[in-house]
Amino acid sequence: MQDEYRTVAGAGVHETEVNRSRFLCALAPAATEQEAQEFIATVRKEHADASHNCWAYVIGADASVQKASDDGEPGGTAGVPMLQMLLRRDMRYVVAVVTRYFGGVKLGAGGLIRAYGGAVGEALDTLGTRTRRRYRLATVTVDHQRAGKLENDLRTGGREVRDVRYGEAVTIEIALPDADVDAFRSWLADATAGTAAFEPGGEAYGDA
């Protein structure tokens, strides 16, 4: 798994104009290829009267799925530059659709490549991105007497507390960078006089 990747902060649209043609870049996070395709379909429907709705998406923290479409523009002048811009910015789990309303002036192949790639780049700059980092999920089990202070210490220490469950004992789910696991074990033993149980689990991505 990748240690970290970047994605869009949220869905949004940014408009640019090149030689009287309007380029509207719609960006959205997409967890799966199906989500990306559904977003593309929604934008196509919204802009059914546009000259072109070109798109590109990258799914997977390791960019395992990469697809793009020129939607009628000359081959390689729209979807590929959009995809290249997403990859150059290390974007993952993201879909981009650039809607073009033709303004009457032909841009030529080089102009189109710059316009479509540039629309995505400007949209990323304007709408913002966020970094997601790989974490080790872990479970800490502790007695009720120590649970309140421990949870408070975790939160004030900047640890990500994902869930707290109360039963015969208290179970606290946390997320740690892999490199911190050993140091955290030692800290936990000191903080709870060796009474807390620590159980490492799987991996997940969270905001860095």
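A quick note: this is a predicted structure, and the numbers were derived from the prediction, not measured.
The number of heavy atoms from other shown groups lying within 6.0 Å of CD (Glu33) is above 12. Dense packing is recorded around CD of Glu17, with more than 12 heavy atoms of other residues, nucleotides or ligands lying under 6.0 Å away.
Using a 3.5 Å distance cut-off with no hydrogens or angles, the side chains of Thr129 and Arg6 do pair a donor with an acceptor. Side-chain contact check for Gln66 and Tyr57: no donor-acceptor pair (N or O, by modelled atom type) lies under 3.5 Å.
For the pair Arg185 and Phe198, the NZ or CZ position fails the cation-pi test of under 6.0 Å to the six-membered ring centre and within 45 degrees of the ring normal.
Across all their heavy atoms, Pro81 and Ala78 have their closest contact at CD-O, 3.1 Å.
For the pair Asp180 and Arg159, the salt-bridge criterion is met [side-chain N within less than 4.0 Å of a carboxylate O]. Glu46 has no carboxylate O lying under 4.0 Å from a charged side-chain N of Arg44, or vice versa, which leaves the two without a salt bridge.
Between the NZ atom of Lys149 and the OG1 atom of Thr156 there is a distance of 8.0 Å, given to the nearest 0.5 Å. In this structure, Thr7 OG1 and Met91 CE are separated by 5.0 Å, a value rounded to the nearest 0.5 Å.
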Only pairs under 3.5 Å count here: list side-chain donor-acceptor contacts from residues 103-124, not counting sequence neighbours, and write none if there are none.
| unit_1 | atom_1 | unit_2 | atom_2 | d |
| --- | --- | --- | --- | --- |
| Tyr116 | OH | Glu73 | OE2 | 2.6 |
| Glu122 | OE1 | His14 | NE2 | 3.2 |

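Taking the six-membered ring where the residue is Trp, His47 and Tyr101 present perpendicular rings, their angle passing 60° and hence far from 30°.
Residues forming a side-chain contact (heavy atoms from CB on, under 4.5 Å) with Gln34 (at least two apart in sequence, or on another chain): Thr32, Glu38.
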Under the side chain to side chain donor-acceptor pair (under 3.5 Å) criterion, do Glu160 and Tyr135 qualify, and how do the steps go?
CA-CA 10 Å; Glu160 186 187 344; Tyr135 289 97; 5.2 Å; no

